[in-house]
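Since the structure comes first, as structure tokens, the remarks are kept for the end.
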Amino acid sequence: MNILLWVLQVLLALAFFAHGCLFLFPPATIVDQMNASMPRWFQLSLGVAEILAAVGLTLPGLTRIQPWLTSWAGLGIMIVMICATVFHLMRGELTSAATTVVLLAMATFVAYMRWRVAPIMAPHDFPASA
């Protein structure tokens with residue numbers, strides 16, 4: 001289970017890091033299209049949030065410093081994906097909405113499993129050896 005969770009965490013982190021960078025540094029060919037659908041300040045906010053989520057999905061677990069942040073990063077992604085699904089459905093973008101639902105399911109699974117079933121332990125949580 002731990003391997004599956006790490007694979008999902010890395011896949012989610014890669015997807016959200018890439019998408020966050022797209023919002024922060026959009027290619028010139030799609031800037032006008034992006035600005036027509038949402039204000040630039042909102043794009044920047046989403047970009048920063050998505051990059052922070054990518055970091056939160058991986059870094060706390062790798063360093064074992066505040067590993068509970070992994071669940072919170074998953075929760076943050078869940079909130080963003082619910083909003084993104086509604087946004088795409090309102091625009092009639094069914095393929096994009098389906099993608100956000102898949103990402104929502106993955107983030108929900110990671111958040112719950114890392115919170116309740118297979119949390120990453122901090123060094124002080126390890127049992128003392130005799």
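Please read all numbers here as calculations on a predicted model, not as lab measurements.
The number of heavy-atom neighbours closer than 6.0 Å to CD1 of I30, taken from other residues, nucleotides and ligands shown, is above 12. Counting non-hydrogen atoms of neighbouring residues, nucleotides and ligands closer than 6.0 angstrom, the CH2 atom of W72 reaches no more than 12 such neighbours.
Atom CD of Q9 sits about 8.0 Å away from atom CG of N2, to the nearest 0.5 Å. Here T85 contributes atom OG1 and E93 contributes atom CD; the two are 11.5 Å apart, rounded to the nearest 0.5 Å. Here the CD1 atom belonging to I120 is positioned 10.5 Å from the CG atom belonging to L69, to the nearest 0.5 angstrom. Taken to the nearest 0.5 Å, the CG atom of L104 stands 5.5 Å off from the CD1 atom of I82.
Looking at every heavy atom in both residues, A122 comes nearest to P67 through N-CG, 3.8 Å. Scanning all heavy atoms of the two residues, the minimum distance from L57 to T70 falls at O-CG2, 3.9 Å. The minimum heavy-atom distance linking M34 with Q43 is given by the pair O-NE2, 3.2 Å. When every heavy atom of A53 is checked against every heavy atom of A73, the shortest pair comes out as O-CB, 3.9 Å. Residues M1 and F109 approach most closely at SD-CZ, 4.1 Å, considering heavy atoms.
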Which pairs would a plain distance check flag for residues 10-19, meaning a side-chain donor or acceptor within less than 3.5 Å of a matching protein atom at least two apart in sequence or in another chain?
residue	atom	partner	partner atom	Å
H19	ND1	E50	OE1	2.7
H19	ND1	E50	OE2	3.3

